[in-house]
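For ligands, and for the atoms within them, numbers begin at 1 and follow the listed sequence.
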Amino acid sequence: MDEPIVVAEGLRKRFGATEALRGLDLAVPAGTVCGVLGPNGAGKTTLIRILATLVDPDAGRARIAGHDVVRDADRVRARIGLAGQYAAVDEKLTGRGNLRMFGRLYHLPRREAHRRADELLERYGLAEAADRQVSGYSGGMRRRLDLITCLLLRPAVLFLDEPTTGLDPRSRGEIWDSIRELVAEGTTVLLTTQYLDEADQLADDIAVVDHGRVIATGTPDALKARLGDRLDVVLQDPAQLGRAASVLAGLTGGEPSVGSEGARLGVSLAGGTVRLADVVRELDRAGIAAADVSLRRPTLDEVFLSLTGRPTGAAADEPAPVKEAVR
Ligand SMILES: Nc1ncnc2c1ncn2[C@@H]1O[C@H](COP(=O)(O)OP(=O)(O)OP(=O)(O)O)[C@@H](O)[C@H]1O
Ligand SMILES: [Mg+2]
């Protein structure tokens, strides 16, 4: 079998007293999208910087297309593109001007640089804005321009560090479309994100990173299946929450949590099953009126919460919340 195009083994990196990576392993098969998901400070950017040869690991190894990121850094650089956490484009130039400039920086022949710039602007929906100064671009347009400058050299592997953070939903959707287009052409993408829906939408495989290590990997579906289905019950009378919780605990063996709306209880079935009819009957027997009883797959947010003890968007060193909030 072919070696995965991105391989990281036991990566460690320390910055002063901070251990950013503590033995991180990762493998990304060619032609797939790997979503690296983790809270602030988990080590996502450090991982990307090591894979992109911008910083050396203290220990461990990484290879891109078989080339070691430290010993064969030049060979690695020839095969990758990197769009950092903050868009790196020249505000004073036009979109086309930026692409041409980067084309020259990358030593593309002038003609080829111009041709490639035009092609990319057209393909990724920036043709109309191509001759406007970037200072007038929206956040989403800047990100898209940043992304396509990485494509000038047709990289085999593209690293995207939080490609849509801070963008409005429409711009996020446009970036997602661009990423899907790239993948359809065979590019391997490793993206970091704090947005579970982004990983859910784009990633073939997800690696959940916390405190510098990968704590879970799998397809979005596999990660959800691991947590088991969720049973949601909405009560007519919030005053009956306590009693309803003990009925549900008895039926499922799990510990129900109270939703933010007050009259909703949720409990994970943790691999087991329960029949809705039994839930309704037992609640009825206890004199509890339910407005709604339903079974559903967990959201990736719930998976993340159960793995890390923290909701997404919380900092890595934030204490775990006392009570799990349902939705
Ligand atoms: N150059 C540096 N000097 C000192 N500390 C650093 C440096 N780079 C990263 N760190 C620390 O290492 C840890 C991991 O940082 P990293 O930027 O990799 O996290 P991240 O997962 O990308 O977080 P975010 O979601 O905020 O981008 C953090 O505690 C960070 O403060
Ligand atoms: Mg980061």
Tell me which protein heavy atom sits closest to atom 11 (C) of ligand 1, plus the residue, atom name and distance to 0.1 Å. Thr18 CG2, 3.9 Å
For atom 12 (O) of ligand 1, find the nearest protein heavy atom and state the residue, atom name and distance (0.1 Å precision). Ala20 CB, 3.4 Å
Leu47, Val7, Asp205 screened by side-chain contact (heavy atoms from CB on, under 4.5 Å) with Leu26, the one that passes: Leu47
So, 4.0 Å and heavy atoms of Gly43: is ligand 1 close enough to count as a contact? yes
What are the atoms of ligand 1, with element, lying closer than 4.0 Å to any heavy atom of Glu162? 24 (P), 25 (O), 27 (O)
Should Pro39 be listed as contacting ligand 1, given a heavy-atom distance under 4.0 Å as the test? yes
Nearest protein heavy atom to atom 30 (C) of ligand 1: under 4.0 Å? no
Heavy atom of protein inside 4.0 Å of atom 18 (O) of ligand 1, strictly below: yes
Working to the nearest 0.5 Å, report the span between CZ of Arg170 and CD of Glu174. 5.0 Å
Heavy-atom nearest neighbour in the protein, as seen from atom 10 (N) of ligand 1, with distance rounded to 0.1 Å: Phe15 CD1, 3.4 Å
Val70, Leu24, Leu21, Asp56 screened by side-chain contact (heavy atoms from CB on, under 4.5 Å) with Ile50, the one that passes: Leu21
Do other residues, nucleotides or ligands put more than 12 heavy atoms under 6.0 Å from Glu185 CD? yes
Would Arg144 and Tyr137 count as a cation-pi pair here, with the cationic atom under 6.0 angstrom from the ring centre and within 45° of the axis? no
Does any N or O of ligand 1 fall below 3.5 Å from an N or O anywhere on Gly38, backbone included? no
Could you tell me whether Arg142 and Glu91 make a salt bridge, using a distance below 4.0 angstrom between a side-chain N and a carboxylate O? yes
Does any N, O or S atom of Thr46, backbone or side chain, fall under 2.8 Å from the Mg ion (ligand 2)? no
Atoms of ligand 1 close to Thr45 [distance to a heavy atom under 4.0 angstrom, numbered from 1]: 17 (O), 18 (O), 20 (P), 22 (O), 27 (O)
Check the side chains of Glu198 and Thr193 for a donor-acceptor pair under 3.5 angstrom, ignoring hydrogens and angles. yes
Please check: side-chain N/O of Lys44 versus main-chain N/O of Val36, any donor-acceptor pairing under 3.5 Å? no
